[in-house]
Number of protein chains: 2
Amino acid sequence: MSEQRPLRADARRNHEHIVATARAAFAELGPDVSLNVIAQRAGVGAGTLYRRFPNREVLVEAVYRDDISQLTDQAVELAERLPALEALERWVRDVLVPAQQRPGLATTLNTALATAPEVFSESKKRFSEAADRLVSAAQADGAVRHDVQTRDVLRMAAGLALASIDAPDACHRMLVVMFDGLRTP
Amino acid sequence: MSEQRPLRADARRNHEHIVATARAAFAELGPDVSLNVIAQRAGVGAGTLYRRFPNREVLVEAVYRDDISQLTDQAVELAERLPALEALERWVRDVLVPAQQRPGLATTLNTALATAPEVFSESKKRFSEAADRLVSAAQADGAVRHDVQTRDVLRMAAGLALASIDAPDACHRMLVVMFDGLRTP
DNA sequence: ACCTGAACACCGTTCAAGT
DNA sequence: ACCTGAACACCGTTCAAGT
């Protein structure tokens with residue numbers, strides 16, 4: 001997709017340093033830190049940051065790429081270890097929902113739901129495919145109804161997580177409702 | 001709650017004119033129009049706007065107060081006309097979800113879910129009570145499970161609506177899942 | 001008692017000038 | 001080929017000065 005020409009050594013160093021600085025800044029100052037502040041902390045000019053990361057979303061994605069990979073790995077691991085429906089439920093409850101409640105990560109994940117799969121970055125594609133396998137397996141088992149799509153499940157979890165930040169008990173009840181609703185009627 | 005001392009005539013005129021201008025500006029320029037632009041369009045100084053509406057949320061609420069009342073009225077009307085569960089489902093599907101997909105209105109509604117009821121404005125209190133009656137009636141009928149709260153239903157609908165703007169078919173499927181899940185097991 | 005509007009500190013973004 | 005950082009147009013918010 002996007003041509004990855006090799007970068008000059010200093011450019012490459014800058015790139016990585018900006019991402020690391022941004023990760024720290026997001027954690028320390030919240031997900032709305034100004035990009036100028038990040039550039040300043042990273043010791044680069046604002047222009048440098050903007051050439052590598054044309055908008056905030058691109059930077060956010062670079063910061064959370066590793067986290068997305070982790071979510072993916074956990075999906076794979078649960079799928080191997082547990083019956084299909086249990087794996088799906090554990091993944092949504094313990095992995096996906098908590099992830100959606102981390103502000104920066106949620107934004108990144110949700111653009112993955114909104115955009116067409118063709119423009120996904122590699123990490124998001126892997127994520128999306130792992131989620132697909134969880135849902136499809138639960139459907140093949142006959143545990144989950146066939147008139148829902150993987151994206152529906154992801155979207156619902158996302159919405160529900162967003163709507164219940166700082167209300168874990170409400171979150172739990174809504175997940176119960178959701179999973180009862182997902183069962184084959 | 002908030003002391004409503006009578007305003008001087010010009011202040012009162014300004015207040016209403018700002019709200020009307022803001023409503024038009026939100027509709028025309030989107031929900032992120034700058035407050036300075038609204039002040040300018042309303043022909044008042046920025047300071048005037050900020051004294052009446054100390055932050056954006058207060059202004060947004062003033063703009064959408066009438067809409068919230070309409071949502072409330074429709075809840076009451078459906079409750080009178082239909083069996084409890086149907087009334088609830090119709091209200092969520094045809095009234096609440098579309099409302100949650102209107103950016104400005106959604107913000108206002110959702111603070112109603114997040115904040116404690118004691119600080120609700122009058123219109124939000126009426127809204128919240130009407131929703132409560134719909135859910136309680138459906139529970140009293142035995143149609144809806146008792147281990148969910150009104151706020152859970154509102155939150156779920158909100159999250160789901162937010163997650164499926166511009167995806168009406170996904171929205172429909174998620175609502176099916178939600179209402180199946182809400183049934184008494 | 002209320003209003004005005006210039007002023008402040010900040011934001012994202014660009015682009016001439018440097019190495 | 002890449003970087004710097006001043007500059008631009010804008011934001012929300014404040015507050016002295018006016019009526």
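What you see is a predicted model, and the numbers here were worked out from it, not measured in a lab. A, B, ... follow the sequence lines: proteins, then strands. Residue 1 opens every chain.
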Worksheet item: Do L109(B) and L71(B) come within less than 4.5 Å of each other through their side chains, counting heavy atoms only?
Response: yes
Worksheet item: Is it true that F179(B) and V177(B) fall in one hydrophobic cluster, defined by side-chain heavy atoms closer than 4.5 Å?
Response: yes
Response to the item:
note: D32(A), atom CG; dC10(C), atom C1'; distance rounded to Å ~ 14 Å
Worksheet item: Rounding to a whole Å, what distance do you find between R8(A):CZ and dC2(D):C1'?
Response: 4 Å
Discussion item. Does anything in residues 12-30 of chain B come within less than 4.0 Å of DNA chain C? Heavy atoms only, and list the residues if so.
Written reply: N14(B)
Discussion item. For the CD atom of E86(B) and the CZ atom of R93(B), what is their distance to the nearest 0.5 Å?
Written reply: 12.5 Å
Worksheet item: Near DNA chain C, under 4.0 Å by heavy atom, which residues of residues 47-57 of chain A?
Response: G47(A), Y50(A), R56(A)
Fill in: Q101(B) atom CD: more than 12 heavy-atom contacts under 6.0 Å
yes
Item to complete: Enter the distance from R52(B):CZ to L7(B):CG here, rounded to the nearest 0.5 Å.
Response: 5.0 Å
Item to complete: Carefully, step by step, assess V76(A) and R133(A) under the rule side chain to side chain contact (heavy atoms under 4.5 Å, CB included).
Response: CA-CA 9 Å; V76(A) 173; R133(A) 282 194 298 273; 3.8 Å; yes
Worksheet entry | Nucleotide dG5(D), atom C1' - distance to CD of Q40(A) in whole Å | 11 Å
Practice prompt. Treat a base pair as Watson-Crick or G-U wobble with both distances under 3.5 Å, then lay out DNA chain C in dot-bracket form, 5' to 3', with | for cross-strand pairs.
Written response: ||.|||||...|||||.||
Worksheet entry | Heavy atoms from other residues, nucleotides or ligands near CD of Q74(B) exceed 12 (cutoff 6.0 Å) | yes
Worksheet item: Any side-chain heavy-atom pair from D141(A) and L85(A) closer than 4.5 angstrom?
Response: no
Discussion item. Show the nearest heavy-atom pair for residues I18(A) and I38(A), with the distance to one decimal.
Written reply: O-CG2, 4.4 Å
Item to complete: Could you tell me whether A46(A) contacts a base, only the sugar-phosphate backbone, or nothing, with contacts defined as non-hydrogen atoms closer than 4.0 Å?
Response: base
Discussion item. If you assign N36(A) and G43(A) each to the DNA chain D nucleotide with the nearest heavy atom, which residue ends up on the more 5' nucleotide?
Written reply: G43(A)
Worksheet item: CG of D10(B) versus P of dC2(C): gap in Å, rounded?
Response: 7 Å
Worksheet item: Under a single-linkage definition using a 4.5 Å side-chain heavy-atom cutoff for Ile, Leu, Val, Met, Phe, Trp and Tyr, are L175(A) and L134(A) assigned to the same hydrophobic cluster?
Response: yes
Worksheet item: Less than 4.0 Å between a side-chain N and a carboxylate O, is that true for K125(B) and D132(B)?
Response: no
